[in-house]
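Right, one structure below, let's go through it.
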Number of protein chains: 2
Amino acid sequence: MSQTVDRALSILPLLAEGPADLGQVADRLGVHKSTALRLLRTLHEHGLVYRQSDQRYRLGARLFALAQEAMENLDVREIAHPHLVRVNEDCGHTVHLAVYEENEVLYIDKVESRYPVRMYSRIGKPVAITVAAVAKLLLADLPEHERRAVAEKLDFPMYTSRSTPNAGAFLRELEKVREQGWATDLGGHEESVNCVAAPIRGADGRVVAAMSVSAPNVVVTADELLTLLPLVRRTADAISGEYSGRTPLKGTA
Amino acid sequence: MSQTVDRALSILPLLAEGPADLGQVADRLGVHKSTALRLLRTLHEHGLVYRQSDQRYRLGARLFALAQEAMENLDVREIAHPHLVRVNEDCGHTVHLAVYEENEVLYIDKVESRYPVRMYSRIGKPVAITVAAVAKLLLADLPEHERRAVAEKLDFPMYTSRSTPNAGAFLRELEKVREQGWATDLGGHEESVNCVAAPIRGADGRVVAAMSVSAPNVVVTADELLTLLPLVRRTADAISGEYSGRTPLKGTA
DNA sequence: ACGAAGGTTGCAGAAATTGCAACACAGCAG
DNA sequence: CTGCTGTGTTGCAATTTCTGCAACCTTCGT
């Protein structure tokens, strides 16, 4: 909608790949060097871009600060965190908290497994939306037409033989998840990693986040992991209660 | 330098304070509503801004992802991390890694204390630059005129009675730190928290980062913490060696 | 010392952005 | 039910702003 801003912002993901010099930025943007320079200058003034000693540009410090603040504004996270920690203390496995936003599901909090074999994941990184248990819960709560729209647009990569293969299967899975109120991912993303998840709901009953417990087969079997389902659901409900119970700053029905 | 981009980027810190609606954004930017709308749209398309269900805008998810990627590109962090973990395993205290950038010092990595009483800090958040041990190390390495320039511009808040009171004292402290090659913060930020730190140097000998071990008085006395100095320095040197390429990279822990 | 590579600036033309005014839509009061 | 107020949204013409160019400057390597 705004070309200049659009170009400027396109620089950010570009730099996220690694530092680049003026020429490279200009090339990849398809603009003249002087234009790229001025955009970079503006980004620099706002601290989003940093010029390192070899004169190349990379992402700047303010980005961290902004991301941090963005996080703190998600009050689900604040509320949920102690609960997640407690679950981790109980079972020792990796605990995740995720939200849906703009066709993506992302982890916004994580408590690391206390077992030596850990699954890999990163806060802030988009989740494998077609297979992750938390993603199923978050998408299952969307109104039906939206669910369909999202499902149609997705790719369905076959991470493993048990990955969700296509939109049809995905929608059926969502329907099931929606009815039962919890979800699993049994080796759908990584062959040997299983996962159980439960939804966190706001005052209006809408799902605002989802939490999950994940563990590799070498630590516990899928069946053993499923025995944690009551704990996970209880915790999710507790968080829901707190989240919808008190309203810290802004109040709306 | 670029008005449009400048305006657009000004929206980000504004939203960091909390969600805002179109009118508020337009007002605070001093532009017409339609202009603000278009800027927000562009930000939205890049995922930097999210429109929540009540139609207000807040910072978006991509910001997390960008910040994460920015971090991973700091290769000091990659290299240092296993070392930090090892130090934490040895002594149990909070271990930090920090860099200097654009008049700020910020933590880029952290390993949490294994003691129940922990100090508060956040990755990405600017450090109390006048008192933190890591900040002293990073600033002490700047060329003299730059050090002076920075010191003059700083505020010197008295967090505690032992905080650095003014630019003069600060510069003297930096000189000392520079000579001895390590730094401490003994209750200068929080009355009961002490800290020892050592510099990490690149191939050219310049300080590129600093690491520290922090612990509250209730866990160990300042004297006891100081006995960890050799460990900290040894670790920092090991990281320096790997970072500058002198040490062939060995497998991560 | 020279040439090359990359970065920087001034300027005129071109294109994008702006603010306006009108429109849509919701909630609310009468 | 109807008109009102407070939003957010779109089309348009004027004008501001941005762009690309070409020349200039600096640094580095040979």
Side-chain angles (χ1 to χ4, degrees), chain A residues 1-12 14-15 17-60 101-102 143 145-146 203-204 206 247 249-253, chain B residues 1-12 14-15 17-60 101-102 143 145-146 202-206:
Chain A
M1 296 281 126
S2 168
Q3 190 189 65
T4 314
V5 177
D6 186 54
R7 285 177 176 164
L9 297 182
S10 302
I11 293 177
L12 297 178
L14 193 156
L15 289 184
E17 294 169 21
D21 63 29
L22 180 59
Q24 294 171 313
V25 172
D27 278 353
R28 296 213 25 199
L29 276 184
V31 299
H32 196 271
K33 282 184 298 192
S34 57
T35 304
L37 177 68
R38 283 179 281 238
L39 295 177
L40 281 166
R41 280 237 187 93
T42 311
L43 289 169
H44 180 93
E45 276 177 20
H46 286 258
L48 298 180
V49 146
Y50 176 63
R51 190 149 195 204
Q52 37 188 36
S53 42
D54 61 352
Q55 291 216 125
R56 291 189 309 169
Y57 296 89
R58 65 169 168 73
L59 294 182
E101 179 171 313
E102 219 80 19
H145 65 278
E146 211 170 321
D204 53 0
R206 292 287 311 271
T247 318
L249 280 178
K250 47 260 165 184
T252 7
Chain B
M1 293 278 124
S2 168
Q3 190 187 67
T4 315
V5 177
D6 186 54
R7 283 180 177 163
L9 296 182
S10 303
I11 294 178
L12 296 178
L14 194 154
L15 290 184
E17 293 169 22
D21 65 28
L22 181 59
Q24 296 171 310
V25 172
D27 279 352
R28 299 215 19 201
L29 276 184
V31 298
H32 196 271
K33 278 184 297 195
S34 56
T35 304
L37 177 68
R38 283 178 283 237
L39 295 176
L40 281 165
R41 282 239 185 91
T42 311
L43 290 168
H44 180 96
E45 277 177 19
H46 285 259
L48 298 181
V49 146
Y50 177 64
R51 190 148 196 207
Q52 41 188 36
S53 43
D54 62 351
Q55 293 216 122
R56 292 189 306 169
Y57 295 90
R58 65 168 167 73
L59 293 181
E101 179 172 313
E102 218 86 17
H145 66 277
E146 212 171 319
D204 54 0
R206 292 286 312 270

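Just so we're on the same page: letters track the sequence lines, and every chain starts at 1. All of these numbers come straight from a predicted model, not from anything done at the bench.
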Sub-3.5 Å pairs of nitrogen or oxygen atoms, protein against nucleotides 26-28 of chain D:
none

task: List for me each residue that meets side chain to side chain contact (heavy atoms under 4.5 Å, CB included) alongside B:Ala8, sequence neighbours excluded, and say none if there are none.
output: A:Val5, B:Leu39
message: List the residues meeting side chain to side chain contact (heavy atoms under 4.5 Å, CB included) with B:Gln55, not counting sequence neighbours, and say none if there are none.
response: B:Arg51
task: Keeping to residues at least two apart or across chains, list the salt bridge (Lys or Arg N to Asp or Glu O under 4.0 Å) pairs with something in residues 18-36 of chain A.
output: A:Glu17-A:Arg28
query: Looking at side-chain heavy atoms only, is the closest gap between B:Leu9 and A:Leu9 below 4.5 Å?
result: yes
In a table with atom names and distances, give each donor-acceptor pair under 3.5 Å that connects a side chain of residues 41-49 of chain A to protein atoms at least two apart or in another chain.
unit_1  : atom_1 : unit_2   : atom_2 : d
A:Thr42 : OG1    : A:Arg38  : O      : 2.9
A:Thr42 : OG1    : B:Ser2   : N      : 3.3
A:His44 : ND1    : A:Val49  : O      : 3.4
A:His44 : NE2    : B:Glu102 : OE2    : 3.1
A:His46 : NE2    : B:Asp6   : OD1    : 2.5

field: Interatomic spacing from CG in B:Leu37 to NE2 in B:His32 - rounded to 0.5 Å
entry: 11.0 Å
- prompt: If you measure from CG on A:Leu40 to OH on A:Tyr57, what distance do you get to the nearest 0.5 Å?
  reply: 5.0 Å
- prompt: Where along nucleotides 3-19 of chain C does protein come under 4.0 Å, by heavy atom, of base (B) or sugar-phosphate alone (S), with - for untouched nucleotides?
  reply: ----BSBB-----SSBB
task: List the atom of B:Leu14, the atom of B:Ala20, and the distance in Å for their closest heavy-atom pair.
output: CD2-CB, 4.5 Å
- request: Could you tell me the separation between the CG atom of B:Leu29 and the CD1 atom of B:Ile11, rounded to the nearest 0.5 Å?
  value: 5.0 Å
task: For the helix from C:dA1-D:dT30 to C:dG30-D:dC1, measure the angle between the helix axis at one end and the axis at the other, each built from five pairs, rounding to 10°.
output: 30°
query: Which heavy atom of A:Ala36 sits nearest a heavy atom of A:Val31, and at what distance?
result: N-CG2, 4.0 Å
